[in-house]
Amino acid sequence: MTPPNTAQAGTPAYDIDAIRADFPILGRTMHDKPLAFLDSAASAQKPHQVIDAVSAVYETEYANVHRGLYQISEAVTARYEGTRETIRQFINAAHTHEIIYTRNGTESINLVAYSFGRNFLEEGDEVIITELEHHANIVPWQMLRDEKGIVLKVAPITDDGELIMSAFEELLGPKTKLVAVAHMSNVMGTILPIEDIIRRAHAVGAKVLLDGCQSVTHIPVDVQALGCDFYVFSGHKLYGPSGIGVLYGREELLNAMPPFMGGGDMISSVTFEKSTWAKLPHKFEAGTPAIAQAIGLGAAIDYVNGIGLDAIGAHEADLLNYATQKLSSVEGLRIIGTAPNKASVVSFTLDYAHPHDIATIIDRAGVAVRAGHHCAQPLMARMDVPATVRASIGLYNNRSDIDALVAALGDVQELFG
Amino acid sequence: MSDELRELYQEVILEHGKNPRNFHASDDATNEARGNNPLCGDQLVIYLKLDGDKRVVDASFLGKGCAISMASASMMTELLKGRSQDEAQSLFEAFHDMCTGEDNGHELPDDVEKLQVLSGVREFPTRVKCATLPWHTMVAALQGEDEISTE
Ligand SMILES: Cc1ncc(COP(=O)(O)O)c(C=O)c1O
(Lines give C-alpha, C1' and ligand atoms only; values in the text may rest on other atoms or scores of the structure.)
Protein backbone atom coordinates (compact mmCIF):
# COMPACT_ATOMS: atom_id res chain seq x y z
CA MET A 1 0.00 0.00 0.00
CA THR A 2 1.21 3.46 -0.81
CA PRO A 3 1.22 5.92 2.06
CA PRO A 4 -1.54 8.54 2.17
CA ASN A 5 -0.83 11.25 -0.31
CA THR A 6 0.08 14.72 0.81
CA ALA A 7 0.91 16.21 -2.57
CA GLN A 8 0.14 19.89 -2.98
CA ALA A 9 -1.23 21.31 -6.21
CA GLY A 10 1.61 21.35 -8.69
CA THR A 11 3.74 18.72 -6.97
CA PRO A 12 3.21 15.48 -8.76
CA ALA A 13 1.30 12.87 -6.80
CA TYR A 14 3.07 10.16 -8.79
CA ASP A 15 5.30 9.71 -11.77
CA ILE A 16 2.75 10.38 -14.48
CA ASP A 17 5.06 9.43 -17.35
CA ALA A 18 5.66 6.02 -15.86
CA ILE A 19 1.92 5.57 -15.38
CA ARG A 20 1.15 6.63 -18.93
CA ALA A 21 3.61 4.05 -20.19
CA ASP A 22 1.39 1.37 -18.62
CA PHE A 23 -1.44 2.27 -21.04
CA PRO A 24 -0.51 1.08 -24.52
CA ILE A 25 -3.30 3.02 -26.25
CA LEU A 26 -1.93 6.35 -25.03
CA GLY A 27 1.00 5.82 -27.38
CA ARG A 28 -1.18 6.00 -30.47
CA THR A 29 -2.24 9.01 -32.47
CA MET A 30 -5.68 10.16 -33.59
CA HIS A 31 -5.78 11.94 -36.96
CA ASP A 32 -1.98 12.02 -36.78
CA LYS A 33 -2.03 13.97 -33.52
CA PRO A 34 -1.01 12.63 -30.13
CA LEU A 35 -4.12 11.20 -28.49
CA ALA A 36 -5.49 13.43 -25.72
CA PHE A 37 -8.02 11.07 -24.19
CA LEU A 38 -10.46 13.05 -22.07
CA ASP A 39 -13.40 10.65 -22.03
CA SER A 40 -12.65 8.34 -19.13
CA ALA A 41 -16.01 9.07 -17.52
CA ALA A 42 -17.60 7.22 -20.43
CA SER A 43 -15.10 4.37 -20.29
CA ALA A 44 -11.50 4.30 -19.15
CA GLN A 45 -8.46 2.94 -20.96
CA LYS A 46 -6.78 -0.23 -19.70
CA PRO A 47 -3.23 -0.66 -18.41
CA HIS A 48 -1.22 -3.58 -19.76
CA GLN A 49 -1.56 -5.20 -16.35
CA VAL A 50 -5.27 -5.64 -17.05
CA ILE A 51 -4.81 -6.59 -20.70
CA ASP A 52 -2.18 -9.15 -19.70
CA ALA A 53 -4.34 -10.59 -16.93
CA VAL A 54 -7.19 -11.13 -19.38
CA SER A 55 -4.91 -12.68 -22.01
CA ALA A 56 -3.32 -14.89 -19.39
CA VAL A 57 -6.71 -16.35 -18.50
CA TYR A 58 -7.32 -17.37 -22.09
CA GLU A 59 -3.76 -18.49 -22.71
CA THR A 60 -3.15 -20.49 -19.57
CA GLU A 61 -6.20 -21.39 -17.51
CA TYR A 62 -9.47 -20.82 -19.25
CA ALA A 63 -12.38 -23.14 -18.45
CA ASN A 64 -15.87 -22.66 -17.11
CA VAL A 65 -16.07 -21.80 -13.43
CA HIS A 66 -17.72 -23.74 -10.61
CA ARG A 67 -18.22 -26.80 -12.76
CA GLY A 68 -15.03 -28.50 -13.80
CA LEU A 69 -13.45 -31.22 -11.77
CA TYR A 70 -10.07 -30.69 -13.29
CA GLN A 71 -7.09 -28.51 -12.56
CA ILE A 72 -7.55 -25.55 -14.86
CA SER A 73 -11.21 -25.18 -14.00
CA GLU A 74 -10.36 -25.21 -10.33
CA ALA A 75 -7.56 -22.71 -10.93
CA VAL A 76 -9.71 -20.27 -12.88
CA THR A 77 -12.54 -20.63 -10.35
CA ALA A 78 -10.12 -19.74 -7.56
CA ARG A 79 -8.98 -16.63 -9.43
CA TYR A 80 -12.54 -15.66 -10.29
CA GLU A 81 -13.72 -16.08 -6.71
CA GLY A 82 -10.54 -14.48 -5.40
CA THR A 83 -11.42 -11.33 -7.30
CA ARG A 84 -14.60 -11.10 -5.25
CA GLU A 85 -12.41 -10.78 -2.19
CA THR A 86 -10.32 -8.09 -3.93
CA ILE A 87 -13.54 -6.18 -4.58
CA ARG A 88 -14.75 -6.71 -1.03
CA GLN A 89 -11.59 -5.16 0.34
CA PHE A 90 -11.72 -2.33 -2.19
CA ILE A 91 -15.09 -1.11 -0.92
CA ASN A 92 -14.71 -2.65 2.54
CA ALA A 93 -17.81 -4.81 2.49
CA ALA A 94 -18.33 -7.03 5.52
CA HIS A 95 -18.61 -10.26 3.54
CA THR A 96 -17.29 -11.54 0.23
CA HIS A 97 -20.72 -12.96 -0.61
CA GLU A 98 -22.16 -9.46 -0.52
CA ILE A 99 -20.33 -8.81 -3.81
CA ILE A 100 -22.55 -9.79 -6.76
CA TYR A 101 -21.09 -9.87 -10.25
CA THR A 102 -23.23 -8.22 -12.94
CA ARG A 103 -22.55 -6.97 -16.44
CA ASN A 104 -22.36 -3.31 -15.46
CA GLY A 105 -23.78 -0.66 -13.16
CA THR A 106 -26.97 -0.52 -15.19
CA GLU A 107 -27.64 -4.21 -14.62
CA SER A 108 -26.86 -3.81 -10.92
CA ILE A 109 -29.51 -1.10 -10.56
CA ASN A 110 -32.00 -3.14 -12.55
CA LEU A 111 -31.32 -6.14 -10.34
CA VAL A 112 -32.28 -4.07 -7.31
CA ALA A 113 -35.33 -2.61 -9.08
CA TYR A 114 -36.55 -6.08 -10.06
CA SER A 115 -35.67 -8.16 -7.06
CA PHE A 116 -35.96 -5.64 -4.23
CA GLY A 117 -38.38 -3.23 -5.90
CA ARG A 118 -40.91 -5.71 -7.21
CA ASN A 119 -40.99 -7.69 -3.99
CA PHE A 120 -40.64 -5.19 -1.19
CA LEU A 121 -42.25 -2.05 -2.58
CA GLU A 122 -45.98 -1.59 -2.83
CA GLU A 123 -48.35 0.80 -4.48
CA GLY A 124 -47.94 4.24 -2.98
CA ASP A 125 -44.44 3.59 -1.66
CA GLU A 126 -41.96 6.26 -2.61
CA VAL A 127 -38.56 6.14 -4.28
CA ILE A 128 -36.47 9.31 -4.30
CA ILE A 129 -33.85 10.12 -6.93
CA THR A 130 -32.25 13.46 -7.86
CA GLU A 131 -32.28 15.73 -10.89
CA LEU A 132 -28.71 14.83 -11.78
CA GLU A 133 -29.13 11.08 -12.29
CA HIS A 134 -27.92 9.07 -15.24
CA HIS A 135 -30.73 7.38 -17.19
CA ALA A 136 -29.58 4.10 -15.62
CA ASN A 137 -30.83 5.40 -12.27
CA ILE A 138 -34.07 6.86 -13.63
CA VAL A 139 -35.59 4.46 -16.11
CA PRO A 140 -35.61 1.29 -13.94
CA TRP A 141 -37.58 3.21 -11.30
CA GLN A 142 -40.00 4.56 -13.89
CA MET A 143 -40.59 1.01 -15.08
CA LEU A 144 -41.22 -0.02 -11.49
CA ARG A 145 -43.58 2.92 -11.07
CA ASP A 146 -45.58 1.95 -14.13
CA GLU A 147 -45.76 -1.64 -13.02
CA LYS A 148 -46.29 -1.39 -9.27
CA GLY A 149 -47.73 2.07 -8.80
CA ILE A 150 -44.90 3.34 -6.66
CA VAL A 151 -44.30 7.09 -6.57
CA LEU A 152 -41.05 8.45 -8.00
CA LYS A 153 -39.90 11.72 -6.47
CA VAL A 154 -37.07 13.87 -7.76
CA ALA A 155 -34.92 15.97 -5.44
CA PRO A 156 -33.90 19.27 -7.06
CA ILE A 157 -30.42 20.74 -7.54
CA THR A 158 -29.11 24.30 -7.63
CA ASP A 159 -27.82 26.12 -10.70
CA ASP A 160 -24.34 25.11 -9.57
CA GLY A 161 -25.33 21.47 -9.67
CA GLU A 162 -25.57 20.81 -5.94
CA LEU A 163 -28.32 18.86 -4.26
CA ILE A 164 -30.71 21.14 -2.35
CA MET A 165 -30.57 19.34 0.95
CA SER A 166 -33.60 21.03 2.50
CA ALA A 167 -35.75 20.11 -0.51
CA PHE A 168 -34.48 16.55 -0.33
CA GLU A 169 -35.43 16.40 3.34
CA GLU A 170 -38.91 17.62 2.55
CA LEU A 171 -39.41 14.73 0.17
CA LEU A 172 -38.51 12.19 2.84
CA GLY A 173 -41.36 10.69 4.79
CA PRO A 174 -42.85 7.50 6.17
CA LYS A 175 -43.65 6.30 2.66
CA THR A 176 -40.08 6.67 1.44
CA LYS A 177 -38.78 3.15 0.94
CA LEU A 178 -35.71 3.77 -1.17
CA VAL A 179 -33.36 6.66 -1.92
CA ALA A 180 -31.35 5.97 -5.09
CA VAL A 181 -28.73 8.60 -5.85
CA ALA A 182 -25.51 9.07 -7.73
CA HIS A 183 -22.47 9.41 -5.50
CA MET A 184 -20.98 11.61 -8.21
CA SER A 185 -22.57 13.24 -11.26
CA ASN A 186 -21.30 11.95 -14.60
CA VAL A 187 -22.05 15.28 -16.24
CA MET A 188 -20.95 17.89 -13.70
CA GLY A 189 -18.64 16.00 -11.40
CA THR A 190 -20.63 17.07 -8.34
CA ILE A 191 -19.97 14.84 -5.35
CA LEU A 192 -23.15 14.39 -3.38
CA PRO A 193 -23.25 14.66 0.43
CA ILE A 194 -23.97 10.98 0.74
CA GLU A 195 -23.28 10.72 4.47
CA ASP A 196 -26.08 13.21 5.14
CA ILE A 197 -28.33 11.61 2.58
CA ILE A 198 -27.86 8.16 4.09
CA ARG A 199 -28.39 9.39 7.65
CA ARG A 200 -31.60 11.19 6.79
CA ALA A 201 -32.94 8.39 4.63
CA HIS A 202 -32.26 5.81 7.31
CA ALA A 203 -33.95 8.03 9.87
CA VAL A 204 -37.25 7.52 8.04
CA GLY A 205 -36.56 3.84 7.52
CA ALA A 206 -35.68 4.05 3.82
CA LYS A 207 -32.95 2.01 2.16
CA VAL A 208 -30.21 3.73 0.19
CA LEU A 209 -28.73 2.74 -3.16
CA LEU A 210 -25.61 4.62 -4.25
CA ASP A 211 -24.75 4.75 -7.93
CA GLY A 212 -20.98 4.64 -7.68
CA CYS A 213 -20.26 4.32 -11.41
CA GLN A 214 -18.38 7.62 -11.43
CA SER A 215 -17.18 7.96 -7.85
CA VAL A 216 -15.54 4.56 -7.53
CA THR A 217 -12.60 5.61 -9.69
CA HIS A 218 -11.85 8.80 -7.75
CA ILE A 219 -12.94 8.46 -4.14
CA PRO A 220 -12.14 5.72 -1.62
CA VAL A 221 -15.39 4.03 -0.61
CA ASP A 222 -16.12 2.20 2.63
CA VAL A 223 -19.63 0.80 2.36
CA GLN A 224 -19.69 -0.21 6.02
CA ALA A 225 -18.65 3.20 7.29
CA LEU A 226 -21.15 4.81 4.92
CA GLY A 227 -23.84 2.38 5.91
CA CYS A 228 -25.39 2.32 2.44
CA ASP A 229 -27.62 -0.63 1.60
CA PHE A 230 -26.62 -1.02 -2.04
CA TYR A 231 -23.62 0.27 -3.95
CA VAL A 232 -23.16 -0.29 -7.69
CA PHE A 233 -20.40 0.28 -10.20
CA SER A 234 -19.05 -0.80 -13.60
CA GLY A 235 -15.66 -2.39 -14.20
CA HIS A 236 -14.96 -0.58 -17.44
CA LYS A 237 -14.78 2.88 -15.88
CA LEU A 238 -12.37 1.55 -13.27
CA TYR A 239 -9.70 0.66 -15.87
CA GLY A 240 -11.07 -2.89 -16.09
CA PRO A 241 -12.78 -4.73 -18.95
CA SER A 242 -16.30 -4.02 -20.11
CA GLY A 243 -18.91 -6.68 -19.44
CA ILE A 244 -18.31 -6.87 -15.70
CA GLY A 245 -19.98 -4.81 -13.01
CA VAL A 246 -20.66 -5.05 -9.32
CA LEU A 247 -23.64 -4.93 -7.01
CA TYR A 248 -22.85 -4.66 -3.33
CA GLY A 249 -25.80 -5.30 -1.07
CA ARG A 250 -26.09 -5.84 2.66
CA GLU A 251 -26.26 -9.54 3.45
CA GLU A 252 -29.66 -9.50 5.14
CA LEU A 253 -31.22 -7.66 2.21
CA LEU A 254 -29.66 -9.89 -0.41
CA ASN A 255 -30.76 -12.95 1.54
CA ALA A 256 -34.33 -11.72 1.64
CA MET A 257 -34.40 -10.84 -2.05
CA PRO A 258 -35.47 -13.47 -4.60
CA PRO A 259 -33.31 -14.30 -7.62
CA PHE A 260 -33.31 -11.92 -10.55
CA MET A 261 -32.80 -14.50 -13.29
CA GLY A 262 -33.16 -18.26 -13.30
CA GLY A 263 -30.82 -20.82 -14.81
CA GLY A 264 -27.63 -22.67 -14.15
CA ASP A 265 -25.27 -21.74 -11.31
CA MET A 266 -27.99 -20.05 -9.24
CA ILE A 267 -29.75 -23.18 -8.02
CA SER A 268 -29.25 -25.58 -5.21
CA SER A 269 -31.45 -28.32 -6.66
CA VAL A 270 -33.91 -28.55 -9.52
CA THR A 271 -36.83 -30.91 -10.10
CA PHE A 272 -39.76 -30.20 -12.40
CA GLU A 273 -41.88 -29.49 -9.35
CA LYS A 274 -39.56 -27.12 -7.58
CA SER A 275 -36.12 -25.57 -7.53
CA THR A 276 -34.25 -24.19 -4.57
CA TRP A 277 -31.84 -21.33 -4.76
CA ALA A 278 -28.12 -21.32 -4.29
CA LYS A 279 -26.71 -19.26 -1.45
CA LEU A 280 -25.26 -15.80 -1.89
CA PRO A 281 -23.68 -14.61 -4.07
CA HIS A 282 -24.54 -17.25 -6.67
CA LYS A 283 -28.28 -16.84 -6.21
CA PHE A 284 -28.00 -13.70 -8.32
CA GLU A 285 -25.54 -15.03 -10.88
CA ALA A 286 -27.41 -17.27 -13.30
CA GLY A 287 -25.47 -18.69 -16.21
CA THR A 288 -21.83 -18.63 -17.23
CA PRO A 289 -20.42 -15.32 -16.05
CA ALA A 290 -17.87 -12.92 -17.55
CA ILE A 291 -14.95 -14.97 -16.27
CA ALA A 292 -11.91 -13.28 -17.79
CA GLN A 293 -13.52 -9.86 -17.37
CA ALA A 294 -14.00 -10.41 -13.65
CA ILE A 295 -10.39 -11.47 -13.30
CA GLY A 296 -9.41 -8.43 -15.36
CA LEU A 297 -11.37 -6.22 -12.97
CA GLY A 298 -9.38 -7.73 -10.11
CA ALA A 299 -6.17 -6.77 -11.92
CA ALA A 300 -7.54 -3.24 -12.43
CA ILE A 301 -8.30 -2.85 -8.73
CA ASP A 302 -4.81 -4.12 -7.86
CA TYR A 303 -3.44 -1.54 -10.26
CA VAL A 304 -5.47 1.31 -8.76
CA ASN A 305 -4.52 0.20 -5.26
CA GLY A 306 -0.87 0.17 -6.31
CA ILE A 307 -1.04 3.89 -7.05
CA GLY A 308 -3.55 4.61 -4.30
CA LEU A 309 -6.92 6.31 -4.69
CA ASP A 310 -5.72 9.19 -2.52
CA ALA A 311 -2.82 9.87 -4.85
CA ILE A 312 -5.09 9.47 -7.87
CA GLY A 313 -7.60 11.87 -6.31
CA ALA A 314 -4.87 14.45 -5.65
CA HIS A 315 -3.48 14.17 -9.17
CA GLU A 316 -6.93 14.51 -10.72
CA ALA A 317 -7.92 17.40 -8.48
CA ASP A 318 -4.81 19.27 -9.57
CA LEU A 319 -5.66 18.67 -13.23
CA LEU A 320 -9.29 19.60 -12.72
CA ASN A 321 -8.19 22.92 -11.25
CA TYR A 322 -5.83 23.48 -14.12
CA ALA A 323 -8.51 22.62 -16.68
CA THR A 324 -11.11 24.79 -14.97
CA GLN A 325 -8.73 27.75 -14.93
CA LYS A 326 -7.66 27.35 -18.54
CA LEU A 327 -11.17 26.81 -19.82
CA SER A 328 -12.57 29.73 -17.85
CA SER A 329 -10.39 32.07 -19.85
CA VAL A 330 -11.82 30.84 -23.18
CA GLU A 331 -14.17 33.46 -24.55
CA GLY A 332 -17.85 32.52 -24.55
CA LEU A 333 -17.28 29.36 -22.55
CA ARG A 334 -19.71 28.44 -19.79
CA ILE A 335 -18.94 25.65 -17.34
CA ILE A 336 -21.99 23.57 -16.43
CA GLY A 337 -21.54 22.31 -12.89
CA THR A 338 -19.68 24.56 -10.49
CA ALA A 339 -20.29 22.88 -7.16
CA PRO A 340 -17.41 23.41 -4.71
CA ASN A 341 -17.24 19.67 -4.08
CA LYS A 342 -16.60 18.10 -7.46
CA ALA A 343 -14.17 15.76 -9.16
CA SER A 344 -12.61 14.95 -12.48
CA VAL A 345 -15.30 16.15 -14.87
CA VAL A 346 -15.76 19.46 -16.60
CA SER A 347 -18.78 20.04 -18.80
CA PHE A 348 -19.09 23.18 -20.83
CA THR A 349 -20.83 24.97 -23.68
CA LEU A 350 -19.59 27.66 -26.06
CA ASP A 351 -22.06 30.37 -26.91
CA TYR A 352 -21.13 30.29 -30.61
CA ALA A 353 -20.91 26.57 -31.36
CA HIS A 354 -22.97 23.46 -30.65
CA PRO A 355 -21.25 20.71 -28.61
CA HIS A 356 -21.31 18.32 -31.57
CA ASP A 357 -19.54 20.71 -33.81
CA ILE A 358 -16.99 21.31 -31.08
CA ALA A 359 -16.36 17.58 -30.60
CA THR A 360 -15.97 17.01 -34.34
CA ILE A 361 -13.50 19.85 -34.69
CA ILE A 362 -11.34 18.95 -31.72
CA ASP A 363 -11.35 15.26 -32.66
CA ARG A 364 -9.28 16.30 -35.68
CA ALA A 365 -6.76 17.75 -33.23
CA GLY A 366 -6.49 14.39 -31.46
CA VAL A 367 -8.73 15.35 -28.54
CA ALA A 368 -11.35 12.79 -27.45
CA VAL A 369 -14.25 14.23 -25.46
CA ARG A 370 -17.90 13.39 -25.23
CA ALA A 371 -20.59 15.71 -26.53
CA GLY A 372 -24.30 15.25 -26.08
CA HIS A 373 -26.71 14.69 -23.24
CA HIS A 374 -24.53 12.09 -21.47
CA CYS A 375 -27.54 9.88 -20.74
CA ALA A 376 -28.87 12.60 -18.47
CA GLN A 377 -31.55 14.34 -20.51
CA PRO A 378 -33.56 15.52 -17.49
CA LEU A 379 -30.41 17.20 -16.17
CA MET A 380 -29.83 18.90 -19.53
CA ALA A 381 -33.37 20.26 -19.31
CA ARG A 382 -32.77 21.39 -15.72
CA MET A 383 -29.58 23.23 -16.67
CA ASP A 384 -31.33 24.58 -19.76
CA VAL A 385 -28.80 23.33 -22.30
CA PRO A 386 -29.48 20.94 -25.20
CA ALA A 387 -26.14 19.26 -24.73
CA THR A 388 -22.65 19.86 -23.34
CA VAL A 389 -19.09 19.02 -24.16
CA ARG A 390 -17.62 16.92 -21.37
CA ALA A 391 -13.92 16.54 -20.72
CA SER A 392 -13.24 13.96 -18.04
CA ILE A 393 -9.98 13.18 -16.34
CA GLY A 394 -8.50 9.81 -15.52
CA LEU A 395 -5.44 8.82 -13.54
CA TYR A 396 -3.26 8.91 -16.68
CA ASN A 397 -4.13 12.39 -17.94
CA ASN A 398 -1.61 15.21 -17.83
CA ARG A 399 -1.46 18.93 -18.45
CA SER A 400 -0.59 18.39 -22.11
CA ASP A 401 -4.00 16.77 -22.58
CA ILE A 402 -5.69 19.87 -21.17
CA ASP A 403 -3.47 22.16 -23.23
CA ALA A 404 -4.40 20.19 -26.36
CA LEU A 405 -8.09 20.66 -25.54
CA VAL A 406 -7.77 24.38 -24.99
CA ALA A 407 -5.67 24.84 -28.13
CA ALA A 408 -8.19 22.87 -30.17
CA LEU A 409 -10.97 25.13 -28.94
CA GLY A 410 -9.05 27.83 -30.81
CA ASP A 411 -9.90 25.99 -34.04
CA VAL A 412 -13.57 26.10 -33.06
CA GLN A 413 -13.33 29.81 -32.49
CA GLU A 414 -11.56 30.30 -35.79
CA LEU A 415 -14.43 28.64 -37.64
CA PHE A 416 -17.39 29.75 -35.56
CA GLY A 417 -16.32 32.68 -33.44
CA MET B 1 -6.84 22.76 -39.06
CA SER B 2 -7.56 19.90 -41.45
CA ASP B 3 -8.92 20.41 -44.97
CA GLU B 4 -11.79 18.05 -44.21
CA LEU B 5 -12.90 20.37 -41.44
CA ARG B 6 -12.81 23.39 -43.71
CA GLU B 7 -14.68 21.37 -46.29
CA LEU B 8 -17.32 20.42 -43.72
CA TYR B 9 -17.76 23.84 -42.21
CA GLN B 10 -18.01 25.92 -45.32
CA GLU B 11 -19.03 29.54 -45.03
CA VAL B 12 -22.52 28.80 -46.39
CA ILE B 13 -23.14 26.20 -43.70
CA LEU B 14 -21.93 28.43 -40.91
CA GLU B 15 -24.10 31.23 -42.21
CA HIS B 16 -27.24 29.08 -42.42
CA GLY B 17 -26.38 27.64 -39.00
CA LYS B 18 -26.28 31.11 -37.50
CA ASN B 19 -29.21 32.58 -39.40
CA PRO B 20 -31.49 29.71 -40.28
CA ARG B 21 -34.18 30.50 -42.86
CA ASN B 22 -37.84 29.62 -42.24
CA PHE B 23 -37.09 29.17 -38.56
CA HIS B 24 -40.54 29.39 -37.04
CA ALA B 25 -43.58 27.34 -36.14
CA SER B 26 -46.58 27.33 -38.42
CA ASP B 27 -50.27 27.60 -37.55
CA ASP B 28 -51.59 26.42 -40.85
CA ALA B 29 -49.27 23.49 -41.54
CA THR B 30 -51.06 20.52 -43.05
CA ASN B 31 -48.27 18.12 -42.13
CA GLU B 32 -45.82 18.24 -39.28
CA ALA B 33 -43.46 15.82 -37.59
CA ARG B 34 -40.91 15.79 -34.82
CA GLY B 35 -37.46 14.32 -35.40
CA ASN B 36 -35.28 13.06 -32.56
CA ASN B 37 -31.67 12.05 -32.63
CA PRO B 38 -31.52 10.02 -29.40
CA LEU B 39 -27.76 9.80 -29.66
CA CYS B 40 -27.29 13.50 -29.09
CA GLY B 41 -30.68 14.71 -27.92
CA ASP B 42 -31.18 16.99 -30.90
CA GLN B 43 -34.82 17.60 -31.70
CA LEU B 44 -36.56 19.47 -34.43
CA VAL B 45 -40.05 19.93 -35.80
CA ILE B 46 -40.74 20.28 -39.51
CA TYR B 47 -43.91 22.09 -40.65
CA LEU B 48 -45.21 21.64 -44.19
CA LYS B 49 -48.21 23.18 -45.90
CA LEU B 50 -49.45 21.23 -48.88
CA ASP B 51 -52.07 22.44 -51.34
CA GLY B 52 -54.84 20.34 -52.88
CA ASP B 53 -52.40 18.95 -55.48
CA LYS B 54 -50.02 17.80 -52.75
CA ARG B 55 -47.57 20.51 -53.65
CA VAL B 56 -45.51 22.11 -50.88
CA VAL B 57 -46.54 25.72 -50.60
CA ASP B 58 -44.73 26.43 -47.35
CA ALA B 59 -42.08 24.79 -45.19
CA SER B 60 -40.53 25.83 -41.91
CA PHE B 61 -38.85 24.32 -38.86
CA LEU B 62 -37.98 24.83 -35.23
CA GLY B 63 -35.45 23.09 -33.07
CA LYS B 64 -32.07 22.97 -31.49
CA GLY B 65 -29.11 21.36 -33.09
CA CYS B 66 -25.60 21.58 -34.39
CA ALA B 67 -24.55 23.76 -37.29
CA ILE B 68 -24.87 20.85 -39.70
CA SER B 69 -28.44 19.97 -38.80
CA MET B 70 -29.55 23.59 -38.63
CA ALA B 71 -28.01 24.40 -42.01
CA SER B 72 -29.45 21.26 -43.53
CA ALA B 73 -32.94 22.06 -42.24
CA SER B 74 -32.65 25.67 -43.30
CA MET B 75 -31.60 24.85 -46.86
CA MET B 76 -34.15 22.08 -47.12
CA THR B 77 -37.08 24.31 -46.21
CA GLU B 78 -35.94 26.83 -48.81
CA LEU B 79 -35.77 24.22 -51.54
CA LEU B 80 -39.01 22.43 -50.81
CA LYS B 81 -41.36 25.22 -51.71
CA GLY B 82 -43.11 24.63 -55.00
CA ARG B 83 -42.23 20.94 -55.19
CA SER B 84 -44.69 18.09 -55.37
CA GLN B 85 -44.72 15.37 -52.75
CA ASP B 86 -43.02 12.97 -55.18
CA GLU B 87 -40.35 15.51 -56.01
CA ALA B 88 -39.69 16.07 -52.31
CA GLN B 89 -39.36 12.33 -51.80
CA SER B 90 -36.82 11.94 -54.63
CA LEU B 91 -34.92 14.95 -53.40
CA PHE B 92 -34.61 13.21 -50.05
CA GLU B 93 -33.24 10.09 -51.71
CA ALA B 94 -30.68 12.01 -53.71
CA PHE B 95 -29.62 14.01 -50.67
CA HIS B 96 -29.34 10.86 -48.59
CA ASP B 97 -27.09 9.21 -51.19
CA MET B 98 -24.92 12.29 -51.32
CA CYS B 99 -24.42 12.35 -47.54
CA THR B 100 -23.75 8.64 -47.12
CA GLY B 101 -21.69 8.30 -50.29
CA GLU B 102 -23.97 5.49 -51.45
CA ASP B 103 -24.84 5.32 -55.08
CA ASN B 104 -28.41 4.18 -55.60
CA GLY B 105 -28.79 6.06 -58.83
CA HIS B 106 -30.36 9.18 -57.30
CA GLU B 107 -28.74 12.39 -58.45
CA LEU B 108 -29.35 15.85 -57.16
CA PRO B 109 -31.18 17.93 -59.77
CA ASP B 110 -29.23 20.94 -61.05
CA ASP B 111 -31.50 23.47 -59.37
CA VAL B 112 -30.50 22.17 -55.92
CA GLU B 113 -26.77 22.12 -56.59
CA LYS B 114 -26.21 24.21 -53.51
CA LEU B 115 -26.95 21.20 -51.29
CA GLN B 116 -23.54 19.98 -52.39
CA VAL B 117 -22.01 22.12 -49.64
CA LEU B 118 -23.24 19.49 -47.19
CA SER B 119 -21.42 16.64 -48.94
CA GLY B 120 -18.47 17.15 -46.59
CA VAL B 121 -20.28 15.07 -43.96
CA ARG B 122 -19.32 11.98 -45.94
CA GLU B 123 -15.89 12.19 -44.32
CA PHE B 124 -17.53 12.29 -40.86
CA PRO B 125 -19.63 9.15 -40.41
CA THR B 126 -20.84 10.22 -36.97
CA ARG B 127 -22.25 13.44 -38.43
CA VAL B 128 -24.21 12.05 -41.37
CA LYS B 129 -27.32 11.78 -39.22
CA CYS B 130 -27.08 15.43 -38.27
CA ALA B 131 -27.45 16.32 -41.94
CA THR B 132 -30.16 13.79 -42.72
CA LEU B 133 -32.36 14.20 -39.62
CA PRO B 134 -34.36 17.15 -41.04
CA TRP B 135 -34.90 15.23 -44.28
CA HIS B 136 -36.03 12.04 -42.56
CA THR B 137 -38.40 14.17 -40.50
CA MET B 138 -39.73 15.89 -43.61
CA VAL B 139 -40.47 12.52 -45.22
CA ALA B 140 -42.19 11.37 -42.03
CA ALA B 141 -44.35 14.51 -42.11
CA LEU B 142 -45.27 13.87 -45.74
CA GLN B 143 -46.25 10.31 -44.88
CA GLY B 144 -48.42 11.45 -42.01
CA GLU B 145 -46.19 10.21 -39.17
CA ASP B 146 -45.83 12.35 -36.04
CA GLU B 147 -42.42 11.43 -34.84
CA ILE B 148 -39.25 9.69 -35.96
CA SER B 149 -35.95 8.76 -34.39
CA THR B 150 -32.60 8.19 -35.98
CA GLU B 151 -29.97 6.14 -34.23
C1 LIG C 1 -23.47 7.90 -12.92
C2 LIG C 1 -23.61 6.73 -13.85
N3 LIG C 1 -24.51 5.78 -13.58
C4 LIG C 1 -24.66 4.71 -14.37
C5 LIG C 1 -23.90 4.55 -15.50
C6 LIG C 1 -24.12 3.34 -16.35
O7 LIG C 1 -22.97 2.61 -16.49
P8 LIG C 1 -22.93 1.37 -17.46
O9 LIG C 1 -23.25 1.88 -18.82
O10 LIG C 1 -21.54 0.86 -17.35
O11 LIG C 1 -23.93 0.39 -16.97
C12 LIG C 1 -22.96 5.53 -15.84
C13 LIG C 1 -22.13 5.41 -17.04
O14 LIG C 1 -22.25 6.08 -18.02
C15 LIG C 1 -22.82 6.64 -14.99
O16 LIG C 1 -21.93 7.60 -15.26
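First the proteins, then the strands, lettered A, B, ... as listed; each starts at 1. Atoms considered below: every heavy atom in the structure, side chains included; atoms not considered: hydrogens, waters and symmetry mates.
- Heavy atoms closer than 4.5 Å to chain A are found nowhere in B:Glu15, neither backbone nor side chain.
- Taking a 6.0 Å sphere around CD of A:Glu331, one finds it holds 12 or fewer heavy atoms contributed by other residues, nucleotides or ligands.
- Among all heavy-atom pairs drawn from A:His354 and B:Ala67, the shortest one is CB-N, 4.5 Å.
- To the nearest 0.5 angstrom, B:Cys130 atom SG is 7.5 Å from A:Asp357 atom CG.
- Note that the CZ atom of B:Arg127 and the CG atom of A:Asp363 stand 10.0 Å from one another [nearest 0.5 Å].
- Sparse packing is recorded around CG of A:Asp32, with 12 or fewer heavy atoms of other residues, nucleotides or ligands lying under 6.0 Å away.
- At a threshold of 4.5 Å between non-hydrogen side-chain atoms, the residues B:Leu8 and A:Thr360 count as touching.
- Interatomic distance, A:Tyr352 OH to B:Lys18 NZ, rounded to the nearest 0.5 Å: 10.5 Å.
- Atom CG of B:Asp27 has 12 or fewer heavy atoms from other residues, nucleotides or ligands within 6.0 Å.
- The shortest heavy-atom contact between B:Met1 and A:Asp411 is CE-O, 3.5 Å.
- Atoms NE2 and CG, from A:His356 and B:Asn37 in turn, are 7.0 Å apart once rounded to the nearest 0.5 Å.
- No more than 12 heavy atoms of other residues, nucleotides or ligands shown are found within 6.0 angstrom of CZ on A:Arg103.
- Residue B:Glu4 touches chain A through its side chain alone, counting heavy-atom pairs closer than 4.5 Å.
- Using a 4.0 Å cut-off between charged side-chain N and carboxylate O, B:Arg6 and A:Glu414 make a salt bridge.
- Counted within 6.0 Å of NZ on B:Lys49, heavy atoms from surrounding residues, nucleotides or ligands total 12 or fewer; the atom is thus considered open.
- No more than 12 heavy atoms of other residues, nucleotides or ligands sit less than 6.0 Å from atom CG of B:Asp3.
- Proximity to chain A is limited to the side chain of B:Leu14, based on heavy atoms less than 4.5 angstrom apart.
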